[in-house]
Engineer: 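To start, I am sharing the structure in question, which I have written as C-alpha cells.
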Amino acid sequence: MALRIYNTLSGQKEEFQPIEEGEVKMYVCGPTVYDSCHIGHARSVVFFDVVYRYLKGLGLDVTYARNFTDIDDKIINRAGKLGVTAKAVAEKYIDEFHADMDALHVKRPDLAPKATEHIDDIIAIIQRLIDKGKAYPVDGDVYFRVTSFEGYGKLSGRKLEDMEAGARIDVDDRKENPFDFALWKAQKPGEPAWECPWGMGRPGWHIECSAMSSRLLGETIDIHGGGKDLIFPHHENEIAQSESAFDAPFVKYWMHNGFVNINAEKMSKSLGNTTMIQDVLKNYHSEAVRLFLLSHHYRSPIDYNEQAMKEAAGNIDKLYALLRRIAEEFGNLGILRLQAFNNKSGELFKEFCAGVEDDFNTARGTAALFEALRAANRAIDEMTSENAFESKVEIDILLVDIFKMAGILGILHENPYSYFDAKKERAGVDEDRVAALIQGRADARKEKNFQRADEIRDELTAMGVAIEDGASGTTWKMME
RNA sequence: GGCGGCUUGGCCAAGUGGUAAGGCGACGGCCUGCAAAGCCGUUAUUCUCCAGUUCGAAUCUGGAAGCCGCCUCCA
C-alpha cells in the first residue's frame with residue numbers, strides 16, 4: 001500500500017514520495033496568539049497530529065514545525081485594550097495553546113518557532129526580494145510585486161485579472177497593484193518594532209512562514225498544511241515569496257483541512273458561537289473530541305453539536321469498557337498495551353491503515369476500530385474452558401490492533417479504571433451512598449425480594465447511576 | 001461578479017466504474033429474576049433530479065434544483 005495525499009496544488013490525490021528518501025519535512029501554520037483556541041483550531045492541530053503520528057509510524061524521519069504568529073495587528077490591538085505588551089499577550093496565549101493541545105493529547109511538534117525569533121531571517125528574505133526586483137519599499141513599508149511572479153494564483157486557482165473585477169479590497173495608491181501585499185510594515189506610534197534597512201517596523205503576516213520554513217526545514221519541503229481558509233491569500237503569498245526568493249519549488253504537497261460548524265452554522269465572532277476548546281473539554285472527554293474530529297474526513301466540513309459529541313463520547317466509553325473487561329478477564333493490561341508496540345498487527349489494523357493511507361481517511365479507519373471492538377467483545381462472550389487458549393490468542397491480536405489504531409488516532413491513553421472513576425468523580429455522586437444502595441440491592445436479591453431490588457435500582461437511576469450485574473458482582477457507571 | 005465544494009437509510013458518515021463500510025437510533029433474539037452491558041439478526045435493489053457514455057455508474061460527461069465555503073482577519 002502506498003500513502004496517497006490530496007494535494008491542493010494539483011487538485012487531486014497523489015502518491016506520497018518524500019523529496020529525500022525516508023525523510024519528511026512538514027510545516028503547519030499555527031495560531032496567531034491573540035485569543036484562546038477554538039474547536040476549529042483543535043481540528044487542524046489534531047488532524048495534522050495524526051498525519052505526524054502516521055508518518056512516524058511508517059518509520060519515516062519526520063521533522064515537524066508548527067509556528068506561532070506572535071506579532072500581528074490583532075495581538076497589538078488586544079495588548080492595547082488590555083494595557084499590556086504585545087509580548088505578554090502572545091506569551092499568555094502560547095501557554096494556553098500548549099495547555100489545550102496537551103489536554104487533547106497532541107504530540108508536540110519537533111519545532112515550534114515564533115515569528116519574533118526569526119526577524120533576521122525575515123529581513124534577509126525581504127532584502128533578497130527587493131534585490132531581485134520582486135519587492136519594493138514605500139514609506140517604510142515593503143510590498144511584494146505580485147505581477148513579478150508568474151505562478152501567482154496557482155494554488156487557489158485564481159487569476160489576477162479575474163479577482164480584480166469583484167474584489168473588495170482597500171485601494172492604496174502607494175501599491176503598484178491592489179494585490180501587492182505587505183512584507184514589512186512601518187512602525188506606527190507605540191507599536192513593537194525592529195530595526196531594518198527600511199526603517200523601524202515589523203513583518204507582514206505571510207513572510208514569517210516563508211522565512212521559518214526555509215530556515216528550519218529547507219527551501220523546498222514535503223508538506224505544508226493549514227486550514228482551508230489559508231489557501232488564499234496566505235499560502236498563495238507564501239508560494240510567491242518563497243519561490244521568488246529561492247527559485248525553487250516551495251512545497252511538494254499542500255494539505256488543507258475543512259472547517260468546523262457549530263450547530264450547522266458557521267462559527268464566527270459575529271454569530272457569537274465561537275466554541276473554545278476549554279469549554280468543550282468541560283463537557284466532553286478529550287478523546288471524545290479527537291474521535292469526533294477524526295470520524296469525518298478532514299477536508300469535509302463537520303458540524304459540532306451535542307448529538308455528535310455524545311455519540312463520540314459513548315464510543316470512547318465502549319472502548320474503555322472493553323479494556324476494563326479485558327483487564328478483569330486477563331489482568332495485566334499494561335503488558336498487553338506494551339505488546340502493541342512490538343507485536344505483529346492483525347487484519348483489522350491493516351484495514352485501518354488502508355483507510356488512513358487513502359488521503360488520511362480516518363473516518364474509514366474507524367470502521368476497523370469498531371469491528372475490532374465488536375470482535376473482541378464477541379470473543380470474550382464466547383469464551384469457554386475448551387477454547388480458552390484460542391480465545392486468548394484472538395483477543396491478544398485484536399487488542400494489539402486496537403492499541404495500534406488508538407496510537408494513531410491519539411486515544412485510549414488512560415487506564416480504564418481511572419477513566420471510569422474520573423467520570424464518577426466529575427458527576428459528583430456520593431460514591432459511598434451508591435455502594436450502600438448496591439449492597440442493599442444485593443441483599444434483597446439474595447432474599448429473592450426483587451421488588452425491593454428494583455426499587456433500589458430505580459433510586460440509583462434517579463441519581464444518574466446505571467448498574468450492571470456481572471459475573472464478579474455489580475458494577476456501576478454514570479449514565480450519559 | 002470570480003473560484004471551489006457538497007447533496008448516500010430516521011440521524012451522522014465512508015465509498016478510488018464491478019454491484020452500498022462503520023457509528024447512533026429503532027425493532028426482534030441470546031443472556032438476565034427483570035434490567036443494563038455485551039453479542040447475534042433485521043433496518044438503502046438504492047445513492048437530489050433529468051439525460052448521456054459504458055456490458056456495467058453513488059462513482060465518468062452534460063444539464064437542472066437545493067445547500068455551503070472562499071474572494072476581507074480567520075483553523
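Below, chain A is the first sequence line, B the second, and so on; all start at residue 1.
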Engineer: Could you tell me the separation between the NE2 atom of H234(A) and the P atom of U72(B), rounded to a whole number of Å?
Structural biologist: 15 Å
Engineer: Would you mind telling me which of C74(B), G33(B), G2(B) lies closest to the side-chain atoms of R158(A)?
Structural biologist: G2(B)
Engineer: Which label fits Y253(A) and F16(A): parallel for a plane angle under 30°, tilted from 30 to 60°, or perpendicular past 60°?
Structural biologist: tilted
Engineer: State whether the side chain of D401(A) and the backbone N or O of G346(A) hold a donor-acceptor pair below 3.5 Å, judged by distance alone.
Structural biologist: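 Yes; at least one donor-acceptor contact below 3.5 Å.
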Engineer: Name the orientation class of the two ring planes belonging to F250(A) and H224(A) (parallel below 30°, tilted from 30 to 60°, perpendicular beyond 60°).
Structural biologist: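 Rings of F250(A) and H224(A): tilted, 30 to 60°.
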Engineer: Working to the nearest 0.5 angstrom, can you tell me the gap between K92(A) NZ and I75(A) CD1?
Structural biologist: 13.5 Å
Engineer: With a non-hydrogen cut-off below 4.0 angstrom, is G258(A) in contact with a base, only sugar-phosphate, or nothing?
Structural biologist: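 Counting heavy atoms under 4.0 Å across all strands, the contact made by G258(A) includes a base.
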Engineer: Is there a Watson-Crick or G-U wobble partner for U16(B) with both distances under 3.5 Å, and if so, which one is it?
Structural biologist: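 Check on U16(B): unpaired, no WC or wobble geometry under 3.5 Å.
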Engineer: Report which part of the nucleic acid V260(A) touches: base, sugar-phosphate, or nothing (heavy-atom distance under 4.0 Å, all strands).
Structural biologist: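 Result for V260(A) = base.
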Engineer: Nearest to the side chain of R325(A), which nucleotide is it out of A14(B), U16(B), G38(B)?
Structural biologist: G38(B)
Engineer: Please give the distance between the P atoms of G4(B) and A75(B) as a whole number of Å.
Structural biologist: 25 Å
Engineer: Once you apply the 3.5 Å cut-off to both distances, tell me the Watson-Crick or G-U wobble partner of C70(B), or none.
Structural biologist: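 Base-paired to G2(B).
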Engineer: Return the value, rounded to whole Å, for the distance between atom CD of E14(A) and atom P of U16(B).
Structural biologist: 17 Å
Engineer: Is it the case that the side chain of E236(A) and the backbone of K154(A) share a donor-acceptor pair, with hydrogens and angles ignored and the cut-off at 3.5 Å?
Structural biologist: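 Looks like yes, one N/O pair under 3.5 Å.
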Engineer: Rounding to the closest angstrom, what is the interatomic distance between A51(B) and U46(B) at atom P?
Structural biologist: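 Rounded to whole Å, the distance is 16 Å.
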Engineer: For C30(B), which nucleotide in any strand shown is its Watson-Crick or wobble partner with both distances under 3.5 Å?
Structural biologist: G38(B)
Engineer: Are the side chain of K175(A) and the backbone N or O of D180(A) linked by a donor-acceptor pair below 3.5 Å?
Structural biologist: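 Present.
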Engineer: Could you tell me how far apart F181(A) (CZ) and C73(B) (C1') are, to the nearest whole angstrom?
Structural biologist: 16 Å
Engineer: Base, sugar-phosphate, or nothing for L230(A), non-hydrogen atoms under 4.0 angstrom?
Structural biologist: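 The residue L230(A) makes sugar-phosphate contact but no base contact.
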Engineer: For F450(A) and D72(A), take the nucleotide of RNA chain B holding the closest heavy atom to each; which residue's nucleotide lies nearer the 5' end?
Structural biologist: F450(A)
Engineer: Would you mind telling me which of A75(B), A14(B), C34(B) lies closest to the side-chain atoms of H296(A)?
Structural biologist: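 Per side-chain heavy atoms of H296(A), the pick is A14(B).
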Engineer: Could you please name the option among A36(B), A75(B), C40(B) that lies closest to any side-chain atom of E468(A)?
Structural biologist: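 Taking heavy atoms from C-beta onward, the closest nucleotide is A36(B).
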Engineer: When the P atoms of G69(B) and A13(B) are considered, how many whole Å apart are they?
Structural biologist: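 It works out to 16 Å between them.
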Engineer: Let's test your reading of the model: under 3.5 Å, does the base of G15(B) pair with the side chain of N361(A) as donor and acceptor?
Structural biologist: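 Looking at the base of G15(B), it does not pair with any donor or acceptor on the side chain of N361(A) (distance under 3.5 Å).
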Engineer: Parallel, tilted or perpendicular: which fits the ring planes of H38(A) and H41(A), with parallel below 30° and perpendicular above 60°?
Structural biologist: tilted
Engineer: Scan R445(A) against the nucleic acid and name what it touches under 4.0 Å (heavy atoms): base, sugar-phosphate only, or nothing.
Structural biologist: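 Touches a base.
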Engineer: For nucleotides A26(B) and C74(B), find the distance between their P atoms and express it as a whole number of Å.
Structural biologist: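 Looking at atom P only, A26(B) and C74(B) are 44 Å apart.
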Engineer: Which part of the nucleic acid does G40(A) contact within heavy-atom distance under 4.0 Å: base, sugar-phosphate only, or nothing?
Structural biologist: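 Base: the residue G40(A), judged by heavy atoms under 4.0 Å, touches a nucleobase.
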Engineer: Under 4.0 Å, counting only non-hydrogen atoms across every strand here, what does H256(A) touch: a base, just sugar-phosphate, or nothing?
Structural biologist: nothing
Engineer: Let me know the distance between CG of D303(A) and C1' of C67(B), rounded to the nearest Å.
Structural biologist: 13 Å
Engineer: Starting at CD1 of I262(A) and ending at P of A75(B), how long is that distance when rounded to a whole Å?
Structural biologist: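 Whole-Å distance recorded here is 14 Å.
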Engineer: Please classify the nucleic acid contact of R441(A) as base, sugar-phosphate, or nothing, using heavy-atom distances under 4.0 Å.
Structural biologist: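 It contacts base atoms.
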Engineer: Is the shortest side-chain N to carboxylate O distance from R325(A) to E329(A) below 4.0 Å?
Structural biologist: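 A salt bridge is absent here (no side-chain N lies under 4.0 Å from a carboxylate O).
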Engineer: How many whole angstroms separate atom CG of L373(A) from atom P of G38(B)?
Structural biologist: 8 Å
Engineer: Who is the Watson-Crick or G-U wobble partner of U7(B), with both distances under 3.5 Å?
Structural biologist: A65(B)
Engineer: On RNA chain B, compare the nucleotides closest to Y298(A) and G470(A); which residue's is nearer the 5' end?
Structural biologist: Y298(A)
Engineer: Look at the rings of Y52(A) and Y64(A) and say which category their plane angle falls in: under 30° parallel, 30 to 60° tilted, over 60° perpendicular.
Structural biologist: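 Answer is tilted, since the angle falls between 30° and 60°.
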Engineer: Treat primed atoms plus P, OP1 and OP2 as sugar-phosphate and everything else as base, then score nucleotides 21-28 of chain B 5' to 3': B for base contact with protein heavy atoms under 4.0 Å, S for sugar-phosphate contact only, - for none.
Structural biologist: BSBS----
Engineer: Please state the C1' separation for the pair C12(B) and A44(B) - nearest whole angstrom.
Structural biologist: 15 Å
Engineer: Starting at atom CG of L291(A), determine the distance to atom P of A13(B), rounded to an integer number of angstrom.
Structural biologist: 14 Å
Engineer: Using OP1 and OP2 only, check whether a side-chain N or O of N377(A) sits under 4.0 Å from A37(B).
Structural biologist: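 Indeed not, no polar side-chain atom of N377(A) lies that close.
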Engineer: Of the listed nucleotides (A75(B), A35(B), G33(B)), which one gets closest to any side-chain atom of A453(A)?
Structural biologist: G33(B)
Engineer: Whether R378(A) contacts C40(B) is assessed here as follows: a side-chain N or O lying under 4.0 Å from the phosphate OP1 or OP2. Is that the case?
Structural biologist: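 For C40(B), OP1 or OP2 has a side-chain N or O of R378(A) closer than 4.0 Å.
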Engineer: In whole angstrom, give the distance that lies between atom CG of N261(A) and atom P of C68(B).
Structural biologist: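 In whole Å, C68(B) P and N261(A) CG are 10 Å from each other.
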Engineer: Does C74(B) have its OP1 or OP2 closer than 4.0 Å to a side-chain nitrogen or oxygen of W205(A)?
Structural biologist: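 So the side-chain polar atoms of W205(A) do come within 4.0 Å of the phosphate oxygens OP1 or OP2 of C74(B), strictly under.
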Engineer: Say you pick atom C1' in G15(B) and the same atom in C60(B); how far apart are they, in whole Å?
Structural biologist: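 Looking at atom C1' only, G15(B) and C60(B) are 16 Å apart.
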Engineer: Could you check which of C73(B), G33(B), A75(B) has an atom nearest any side-chain atom of K74(A)?
Structural biologist: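 Among the listed nucleotides, the one closest to the side chain of K74(A) is C73(B).
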Engineer: With both distances under 3.5 angstrom, what nucleotide forms a Watson-Crick or G-U wobble pair with G52(B)?
Structural biologist: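 Across any shown strand, G52(B) pairs with C60(B).
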Engineer: Distance only, no hydrogens: is a donor on one side chain within 3.5 Å (strictly under) of an acceptor on the other, for D469(A) and T474(A)?
Structural biologist: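 On atom types as modelled, these side chains qualify, holding a pair under 3.5 Å.
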Engineer: When you compare A14(B) with U53(B), how far apart are their C1' atoms, in angstrom units rounded to a whole number?
Structural biologist: 27 Å
Engineer: Tell whether D469(A) reaches the base of C34(B) with its side chain through a donor-acceptor pair below 3.5 angstrom.
Structural biologist: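 Under the 3.5 Å cut-off, the side chain and the base do form a donor-acceptor pair.
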Engineer: Is there a Watson-Crick or G-U wobble partner for U43(B) with both distances under 3.5 Å, and which nucleotide is it?
Structural biologist: G25(B)
Engineer: For atom P, what is the distance between U48(B) and A36(B), given to the nearest Å?
Structural biologist: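 These two P atoms come out 37 Å apart once rounded.
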Engineer: Which distance, rounded to the nearest 0.5 Å, do you find between the OH of Y298(A) and the CG of N361(A)?
Structural biologist: 9.5 Å
